[in-house]
Amino acid sequence: MARVLLNLPRSAARGAVIEIRTLIMHPMESGFRPGTNGTILPRDIITRFTCDYDGEVVFQAELSSAIAANPFISFTTVATESGTLSFTWEGDDDFRQTETRAITVT
Amino acid sequence: MKWLLLLVSVAAAEPRSGALDMSRELQAMQADDSANPGMLWVQEGEALFHRAEGRAQKACADCHAGLAGVATRYPAWDEATAAPIDLAGRIQQCRAERQQAAPLARESEPLLALAAFVTRQSRGLPLAPPEDPRLAPALARGEALFRQRRGQLNLSCAQCHEERAGLRLGSALIPEGQANGYPQYRLEWQALGSLQRRLRNCMVGVRATAPAFGAAEYTEIELFLARRGAGLAVEAPAVRP
Amino acid sequence: MNRREFAAGALLALALRPAAGLATPEDQAAAIRAFTGGVVPREGRVELDIPPLVENGNVVPLKVTVASPMTTADHVTAIALFNEKNPQPQVVTARFGPRAGRAELATHMRLATSQFITAVAAMSDGSFWSTRQEVIVTLAACIES
């Protein structure tokens, strides 16, 4: 399991726009870099990041080799209902990781 | 005129953090825990700190409620080995003796993570190297190493970090080479690394052979860096280019 | 220390940089056309906050903000970021809906060398808007071998 840092409020007022900041530990090996023996290291990157809010996709990003190692992604969403936000990173070599956070909307 | 001169020399004596030589954007990245990638290691270190390890099945947290301020005092004198020891070495010692666990390799992810978690508890506190006379010979050796020319380029640390601090090497600004930001997320590494790794980079940069991680030479240079940077606020995990 | 010694250090750093086949401004233009379906984006509404001078291209913080009410009727559907001289022109493509609240995206990107970065926003009314920024990349000196 890759280490993940998620920053978002645990609670918010209904209708408030909340900021969500994410970091995940991942080399984002670009597929363009020679290794020590001179041959190109195979690409190993995260290709997609998705945020669901109670099962509905509210934000999605397709990433490329031009995203820095240990990808940082920050975006916003509207606090609609108390529920669960889920964050999924998918990538090369069947990489897939999901983290969830509860949010209380008042 | 006399006053002006005095002011200038006082200002020059104040150590200057490498953070001030970075762009506004990198300063902001360092200051923002939700964007500073080094925080991934701090979080991992926190988890390790609370995990029971070794034959003793003890967690660091079983014996240490917190270690605020500790990192500001390292390298320190180690009674057991009668030699200076840096923070990573001290952590290793607790791991071996108190947890009875296998040693972690220098520069290994778990050791960096633990050091990052411990050092972060001193963030904002001034570097306060111990006034311990037993450290004096090693400190003097550290200063000599700092002033000794080395490598195919035949340059000393001092030639860059004292004489040329604030000037450019190629397009890179030469900082004072202060040690207040380690472990550090260096963009060049795209990972967290120790001060020893940084020193290694500067040695390789002048095409000198760098000693293996953990060598006494590094601890001696670390001692001298802590002394000349005394008073600088701890920034770990710092971000540097 | 003299100039030559410094130049040697800088050259050393340069020599250690991996050379990669880099994309071209034409590749960037083609990638933007593919994203917009051939529509030429209009200048405006998009703000790209990226440092003009970068000390190390491995991690370049940036933020894209698009002026939009983000309502069901009128919102940003996507923000895409393109570069000219990395090996590939795409950087990131983010999909938005009204539930985003604001059309904002921040990330850390890589830059192989100095170049123009272009941000393009797709709107729910089918229009495209864009802006571009030049970024100068300098090099770190003492890198690992």
Heavy atom to heavy atom, less than 4.5 Å: which residues from [range] reach chain C?
range                      : value
residues 91-106 of chain A : none
residues 57-75 of chain A  : A/V58, A/F59, A/Q60, A/A61, A/E62, A/L63, A/S64, A/S65, A/A66, A/I67, A/A68, A/A69, A/F72, A/I73, A/S74, A/F75
residues 43-54 of chain A  : A/Y53
residues 4-11 of chain A   : none

Do [X] and [Y] come close enough that some side-chain heavy atom pair is under 4.5 Å?
X      : Y      : answer
C/E84  : C/E26  : no
A/R33  : A/I40  : no
C/S114 : C/E134 : no
C/W129 : C/M123 : yes

Inset, instruction - Please flag which part of C/P98 lies under 4.5 Å from any non-hydrogen atom of chain A: side chain, backbone, both or neither. - result: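 The backbone, not the side chain.
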Legend entry - C/P51 and its side-chain contact (heavy atoms from CB on, under 4.5 Å) partner, picked from C/I136, C/V135, C/V60: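 Only one of C/I136, C/V135, C/V60 forms a side-chain contact (heavy atoms from CB on, under 4.5 Å) with C/P51, namely C/V60.
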Inset, instruction - Test C/I117 against every option in C/L81, C/T131, C/V64 by the side-chain contact (heavy atoms from CB on, under 4.5 Å) rule and name the one that passes. - result: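 Option passing the side-chain contact (heavy atoms from CB on, under 4.5 Å) with C/I117: C/L81.
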Among the options [options], pick out the one with the most heavy-atom pairs lying under 4.5 Å from chain A.
options                    : answer
C/M109, C/R99, C/R95       : C/R99
C/A94, C/G101, C/A100      : C/A100
C/V91, C/V92, C/I79, C/N83 : C/V91

Specify the closest pair of heavy atoms between [X] and [Y], including all atoms of both residues, with the distance to one decimal.
X      : Y     : result
C/F96  : C/A78 : CD1-CA, 4.2 Å
C/A31  : C/Q90 : CB-NE2, 3.7 Å
C/R110 : A/M28 : NH1-O, 2.8 Å

Okay, side chain of [X], backbone of [Y]: is any donor-acceptor separation there less than 3.5 Å?
X      : Y      : result
C/S124 : C/H75  : yes
C/T138 : C/V54  : yes
C/T36  : C/I32  : yes
C/D125 : C/S127 : yes
C/Q115 : C/T113 : yes
C/D74  : C/T71  : no

Legend entry - Atom pair CZ/CD of C/R33 and C/Q28 - distance to nearest 0.5 Å: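 Reported value, rounded in 0.5 Å steps: 11.0 Å.
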Inset, instruction - Kindly compute the distance separating CZ (A/R21) from OG1 (A/T76), expressed to the nearest 0.5 Å. - result: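 Rounded to the nearest 0.5 Å, the CZ-OG1 separation comes out at 11.5 Å.
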Legend entry - salt_bridge(C/E47, C/K63) N-O dist < 4.0 Å: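 A salt bridge is absent here (no side-chain N lies under 4.0 Å from a carboxylate O).
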